[in-house]
Amino acid sequence: MLRSLEVPDEPSLARALELELAGQFPPGSRIIPWRRGADFFALRVVPPGAAAERVLRVPLREVTTSVYDGTVDFGDVVEREAFAHGILQRQGVPVAPLLGWGRAPGTGDHSWMMFERVDHDDRTSLSPPALAALGRVLRRIHAIARTPDLEAAVGRQTAPEEMLERVQTRLSALAERVGYPTSDELLCRAQAVLGERAGLRDLRLTHMDLRPENLCFQGDDLVAVLDLSNCTLGDPAAELGRMAAYGTLTRDLLEAYADGAPLDDRLIAAYAVDTYALLGLLGAEEFADQELVNRGLAGLDDCLRRLRL
C-alpha cells in the first residue's frame, strides 16, 4: 500500500526561521522557500541590497523513524555533516563555503546549516567530461582514511558488517510491503558476497549521495559537492554500488577514479541492492510513487542477474 507523508508548510517555516535565526544574517534579510529533498529543506536567504545570497539547509523534521533508517535525530546529522565538511575542505574536495550551523536548542526550534550560494549550471545528467571530473573528486574523497576521531564523528555506516545488516533490513521491508518473490535468493547471494568483505580494516570516507542534484558544475568543472549528510566511513565499493544504481558509474568516471582498473561486478551488484531496496521503500513509504517502486524492483532484478553469474 502506497502512502505519502504530510508536506510541511514551507512559507510558515520560512517566516519562523526569519525570527529564530535573525542574528545569523544581515538585518532585513528574507528567507524564501526554494527546494525540498527527502530529508531537508533548502531555503534562499536574500539579504537587502546587492549582498550575495545564502542557502539555509534545515531538516524537514528534527526526529524521524522509518523502516529503512530506524530513528534519526537530525541534530546529530547536521553536526556530523559540519564535521565532514571541514574534513573534505581540508583535503581539497570542492564544497560550498559553510557560514554557520546549529542544533535545535529546544522543542519547536530547528537545526540548521548556512552556506554561501554557489553559482552553477542546473543539470539532471552528466556529460562524459563531467563524469571524469566527478571520478577525480571521488578518488580524493576515498583517499581520506579512517582515524579514531573521524570514526567517532561520522561513524562507520558503510562498513561491510553494517551494510550486511542494512541490506537485510531494507530488502525484507520492501518485500513485505510490495512483494518480491526472489527476495530470499537475492539476499542470500548478496550476503555471501558482502560477507567476504567483513572485517575490512582499510575503511575510507564515503559520501553516499553523489547524484547530479548534489553536484555543482560550471561547464564540466565540478565546483562543489553538496549534501554531506550521508558521509561516513566504510568500504569504497559501497559507494560504487550506490553510484551504479544512480547510473553514474560509467567508463569515463572509472578511468579518472581508478585509472580504468576493472571492478568486481558481483561486489558492486551486492552493494547496489541496498540502494535499489531504498528506492523501492521511498516510493512505497514516503512518496506514494509507483514508478519509484518499479525502478527499485527492476534494479534488484538486475542485481540478482549479475550475482547469479
Side-chain angles (χ1 to χ4, degrees), residues 1-49 51-87 95-118 152-155 157 169 173 207-209 213-214 224 226-232 278 281-289:
M1 178 71 68
L2 300 183
R3 61 187 180 89
S4 181
L5 298 180
E6 180 183 355
V7 178
D9 182 349
E10 296 172 65
S12 295
L13 173 65
R15 290 192 294 271
L17 290 171
E18 285 182 356
L19 297 175
E20 187 179 328
L21 302 178
Q24 302 297 329
F25 32 74
S29 297
R30 293 179 299 121
I31 298 180
I32 300 174
W34 187 31
R35 295 176 178 173
R36 179 184 187 272
D39 297 314
F40 282 85
F41 292 111
L43 304 104
R44 293 167 52 202
V45 180
V46 184
E53 285 192 11
R54 306 173 184 187
V55 175
L56 265 180
R57 181 167 157 80
V58 180
L60 300 186
R61 298 169 182 82
E62 286 298 315
V63 179
T64 63
T65 300
S66 67
V67 296
Y68 46 85
D69 276 336
T71 298
V72 178
D73 181 336
F74 278 92
D76 290 342
V77 173
V78 164
E79 185 170 354
R80 184 173 71 240
E81 184 167 351
F83 186 92
H85 183 280
I87 293 289
V95 289
L98 177 61
L99 302 176
W101 67 277
R103 296 190 63 150
T107 303
D109 296 317
H110 301 86
S111 298
W112 59 277
M113 305 182 78
M114 186 160 59
F115 300 89
E116 287 185 14
R117 186 174 177 184
V118 177
V154 304
Q157 296 173 20
T169 297
H207 181 282
M208 294 304 289
D209 205 12
E213 295 85 347
N214 292 331
L226 307 178
D227 192 351
L228 311 182
S229 59
N230 289 339
C231 279
T232 185
L278 173 62
L281 283 168
L282 287 172
E285 288 284 311
E286 292 204 17
F287 302 129
D289 186 340

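Being a predicted model, the structure only gives us computed values, none of them experimental.
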message: Quick check against the 3.5 Å criterion: does Asp109 have a side-chain atom that pairs as donor or acceptor with the backbone of Gly106?
response: yes
field: Shortest non-hydrogen separation from Pro33 to Ile31 and the atoms involved
entry: CD-O, 4.1 Å
- prompt: Below 4.5 Å, heavy atoms only, C-beta onward: do Leu56 and Leu21 meet side chain to side chain?
  reply: yes
message: Under the rule for ring-ring contact (aromatic ring centres under 6.0 Å, His included), what residues qualify as partners of Phe74, not counting sequence neighbours?
response: Phe40
query: For the atom pair CE (Met113) and CZ (Arg54), what is the distance rounded to the nearest 0.5 Å?
result: 15.0 Å
field: Euclidean distance, Met208 CE relative to Thr232 OG1, rounded to 0.5 Å
entry: 9.0 Å
- request: Could I get the full list of side chain to side chain donor-acceptor pair (under 3.5 Å) partners for Asp76, not counting sequence neighbours?
  value: Arg103
Closest approach of Thr169 to Val67 (non-hydrogen atoms, all atoms of both residues): CG2-O, 3.5 Å
statement: Residues passing the side chain to side chain donor-acceptor pair (under 3.5 Å) test with Asn230, sequence neighbours excluded, are none
Let me check something: any side-chain donor-acceptor pairs from residues 22-30 under 3.5 Å, sequence neighbours excluded? List them with distances.
residue: Ser29; atom: OG; partner: Pro26; partner atom: O; Å: 2.6

query: CG/Leu228 to CD1/Ile87 distance, rounded to the nearest 0.5 angstrom?
result: 11.5 Å
query: By side chain to side chain donor-acceptor pair (under 3.5 Å), which residues pair with Glu116, not counting sequence neighbours?
result: none
task: Kindly compute the distance separating CG (Asp69) from CG (Leu278), expressed to the nearest 0.5 Å.
output: 7.0 Å
Gap separating the CD atom of Glu20 from the CG atom of Leu13, nearest 0.5 angstrom: 8.5 Å
Residues that Thr65 engages under side chain to side chain contact (heavy atoms under 4.5 Å, CB included), provided they are two or more places apart: Thr71
field: All side chain to side chain contact (heavy atoms under 4.5 Å, CB included) counterparts of Glu62, not counting sequence neighbours
entry: Pro59, Ala104, His110, Ser111
query: Who are the salt bridge (charged side-chain N to carboxylate O under 4.0 Å, His left out) partners of Arg35, not counting sequence neighbours?
result: Asp122
- request: Kindly write out the residues that satisfy side chain to side chain donor-acceptor pair (under 3.5 Å) with Asp227, not counting sequence neighbours, or none if the list is empty.
  value: Arg57, Ser229
- line: Residue set satisfying side chain to side chain contact (heavy atoms under 4.5 Å, CB included) with Arg80, at least two apart, ordered chain then number -> Val77, Val154, Gln157
message: Quick check: closest heavy atoms across Trp34 and Leu43, and the distance to 0.1 Å?
response: CB-CA, 4.1 Å
Qualifying residues under side chain to side chain contact (heavy atoms under 4.5 Å, CB included), relative to Ala224, sequence neighbours excluded: Val118, Cys216, Leu226
- request: Begin from the C-alpha positions of Trp112 and Val78 and carry the test side-chain contact (heavy atoms from CB on, under 4.5 Å) through to its verdict.
  value: CA-CA 7 Å; Trp112 59 277; Val78 164; over 6 Å; no
